[in-house]
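Note sheet for the following structure.
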Amino acid sequence: MHTRTRRTSLSLLSFALALSLAPLAQAADAQAPAGPKALPGSLMVIPAPAKVDRIDGADYTVTAATPVRAQGQAAQRVATQFATLLRDSGGPAVTVSEGRGKDGIRFILDAALRTGAEGYQLRSDARGATVQAATEAGLFYGAATLSQLLTGGSDGKLPALRIDDAPRFSWRGLMLDSARHFQSLDEIKQVLDAMAEQKLNTFHWHLTDDQGWRMEIKRYPKLTGIGSCRIPAGDGGRDPVTGAERPYCGFYTQDQIREVIAYAAARHIQVIPEIDVPGHATAAIAAYPELGTIDTPLKPLSEWGVFPNLFNTEDSTFEFLENVLEEVIALFPATYVHVGGDEAVKDQWEASARVQARMRELGAGDEMEMQSHIIKRLETFLEQHDRRLIGWDEILEGGLPPEATVMSWRGTEGGLKAASEGHDVVMSPVTDMYMDYLQTNSPNEPPGRPAAIPLARVYGFEPVPDALAKDKQHHILGLQANMFTEHTRSYARLQHNLFPRLAAVAETGWSPRERRDYADFLARLPAQLQRYQAMGIAYAQTPFQVELDSHDDRSAGTATLALSTPLGYDIHYSVDGSAVTAQSPRYTAPLQQPLPVALQAATFFNGQALAKAASRFDVTAASLLSRTDEHLAQCPGDGQLLLRLEDDGPAEGERAIFNVDIFNPCWLWKEADVDGIASVRIRAGRIPYYFQLAHDEPNRRFAPKRGAHGEMDILGGQCDGKPLASVKLPAAPGADGFITLEAALPRSLKGSQNLCVRFTGDTRPTMWVLDEMTLLPR
Ligand code: ACM
C-alpha cells in the first residue's frame, strides 16, 4: 500500500547489526493499544512530577510581559535558561530581571531547603509562580517543569498548585554511538537540549569502535589520523562518477569535546566517555597494529556485527590504554569512565601462543580471567585518578573489583547478579532500552532492527528487578537508553529513533513507580509533541500514523479496509478526497468500500493532529494483489536474523529499504488466495552483505544453487520441499539495481496457499532481496 521510492542504484545499504548477537529475543509486539486516558488532575508534564496538589485559586496567565525575577548568579542563570526554554518550546518571550518581587515568576535558590540534589518546589496561585530549590540542578528542573506547564497547548495558563518533585533515580541516561555514524556538534547539542528538557542527566558517549575512533588523543595522532575513516560497503563507498573510494570520516577534537561537556554541564548533564576494551577495537588496532593480537594489517571496518579483533595483552598495550585514559580523564570531569568490555570474542587470544604465554605469566586461568585482568588493571588506574570504572555486563565474567559499576545490556540478569553482589548497576537491556530497534511495524520505519521496541514496551520497563533483595535495591542507579547507530546514517533518523521514546525513558527515570501510568502518559504526550515541534525536533511520525490492512472480495469489486494506529489515538478518515480533519468521520470498525478508493486517515487527540500529514492509501483491484517486503512474513525456521536494511545507493537522496532475514533470505505471503492466479511476479534488488557474525556464522542457511547464478524459487507449505516454480537468476541486476522475474504457478494450485520466495546460492558479498511480490491473474 505504501508508495515506494524508485530505486536507482545497485545493491544495498548501510546498516548494522552491531552487537547483534546477544539476546535477540524478539521483543513482544505491543499489546492491543490501550489508548490515551488522563488521570484526574493530570498535568501536561513529562516526566510526571512526584507530587502535585491542586489548590484553590484562579489560574495565572503568563505572557511576554510577565516579570521573571531571580536573585544571585546561579538563580539568574536558571531564570535565563527558563526564558530560553520557554521561548524555544513555543511559549512567550519573557524578560529576566534581578530581584525578588511579589508577583510574576520567581526563582529562588536556598541551600536550607530540603529538596535534595535534584529536587525542587513549585508553587503557583493567582499572583504568579515560585520555583525554589536547594541546588542549581533542582532549580533548573523546576524551570523545566514550569516551562512545560506554560506550553504544549496550555497557552501560558498556570493552574494554582503545589508541586514537590525529585527524581526516583540518579542515573537517567542516553548513550549515543558516534562511532558507527557521526553526529555534528549542533546535532549533539540539540539532543542534549531535548534530554535536559525532560530531566535526563547522563550522556554516555560511545566514541570508539571497530568502525571508527572519534576522539582526538594528542599522544596517539594516528587514532584519528587513520582510525576515524572507513570505506562504506558497496556503492556507498564509491564515487558514482569516478569510482574512487569515498571514505566516511569524522572525529571530535579535544576542544570540541570540551565544548560538548560544557554545553551538557550547563544543562546538568554529565558526559561519560566510552573507550572500548578489549574488543570493538579494530579502528585503534588499524592505527597502531602493535596493539593487535594478529599480524594481519587491519583497517577500520566497513561491515557491521561482531569481530574477533582484540587488543593484545602486552604491558605496552596496557600502557597505551592508560595513556589514552589519562587524556580522557583530563577532558571529562565525570566520575565514571566506561571501558566497554562487551562482545569480545576470544578466538584470537585462544589462537595466540603469545597471549596464552601472557595468561600463564599473569595467572589467568582462561580468556575470561585475562579480560578480567585488564578490567581490574584499568579499574585500579581509574581509582588512582579518583574515577570509577563502568562497563557492559560482560565485565562480570572472570571476576570484577567491587568498586566497578555494571551496565546491564544483555537483559537485566547481569544487573540483578551484579547488584546482588553489591555492585552499582545501570539498567539498559537490549529488549527494552535499545533505540535502534524499530518502534512500530510500519513500512515507513527507517532501517533498524525489526524486533519492535514500541513506546509501550519502553514505558513498561522497570529498572529494579522484583527478584532483587530490598537491601540491594539502592545499587540500581537508574536506567539508560542506548542509541547504537549502525542503521542510523542521518540525524533525521536519529531523531526518529529517539523521540518520543526518550520521553518514556525520562519518565521511568524520574517519576515514582506508582505515578507511572501509560494511558495517562499517552494523554500527556501530544503536548510534548507540540513542544518537540517548537524545538525543531523531528520526532518519529510512525507511532502517530495510520496503517491499513485491506482484504478484497475480488468478485464483488469491493475491499474491506481495517485501520489501526500503534498508540491507540483516535483515527479520522475520508474516502471522498477531502482533507482529513478532527471533524472527518471517526474510524470505529472496518470499512467496506467499492474499488478503487483513495483513503486518507490521520490520528487526533483533543482536535490536535498528531502526525505531520495524513496517511494516504490508493486501493485498487491491482494493488490488492501486490505486497512489498514489509507486508510479507519471514519463512519459518530456526535462528532468524531479520534486519531492515537500506540500499547502498544512490550516493545522494533517498535509498530503498528492505526487510530481510540475513540467515535465510526468504519471504512468505501467508495464505495467498491463488484461485485464478497464473503466475507470480517478483521485483528484487541486490544489496551488499556486510555482516560478520562471529560464532553465529553457522546459522546461515542459504539454499544451494543449482545453476550458474542461482534461482528464485517459489515454494509452498512451510517453505520446504520441491519448488512450485523456479526461475534462473541473472548474473547481475539491471542498470537501476533491480530485476523483475515471473514464475508460472502450477494450474493445479487452488484456494488459500502459502507462497514462499527464496533466492538460492551464496551470493556474498552481495545478496538478492525481495522488493515487491505481485499475483498475476489468468
Ligand atoms: C552492546 O549492545 N553490545 C552493549
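Both ligands and their constituent atoms are indexed starting at 1 by order of listing. Just so it is clear, the values below take in all heavy atoms, side chains as well, and ignore hydrogens, waters and symmetry mates.
- If you number the atoms of ligand 1 from 1 as listed, the ones under 4.0 Å from a heavy atom of Glu343 come out as 3 (N).
- Taking CD of Gln211 as the start and CZ of Arg230 as the end, the distance is 6.5 Å to the nearest 0.5 Å.
- The ligand atoms of ligand 1 that sit less than 4.0 angstrom from a heavy atom of Phe484 are 1 (C), 2 (O), 4 (C).
- For Glu367, the side chain to side chain donor-acceptor pair (under 3.5 Å) partners at least two apart in sequence or on another chain are Gln356.
- Using a 30° and 60° split on the angle between ring planes, His373 and Phe318 fall in the tilted class, from 30° to 60°.
- At least one N/O-N/O distance between Asp342 and ligand 1 falls below 3.5 Å.
- Residue Tyr434 approaches ligand 1 through these ligand atoms, each under 4.0 Å from one of its heavy atoms: 1 (C), 2 (O), 4 (C).
- Classification of the Phe381-His385 ring pair by plane angle, with boundaries at 30° and 60°, yields tilted.
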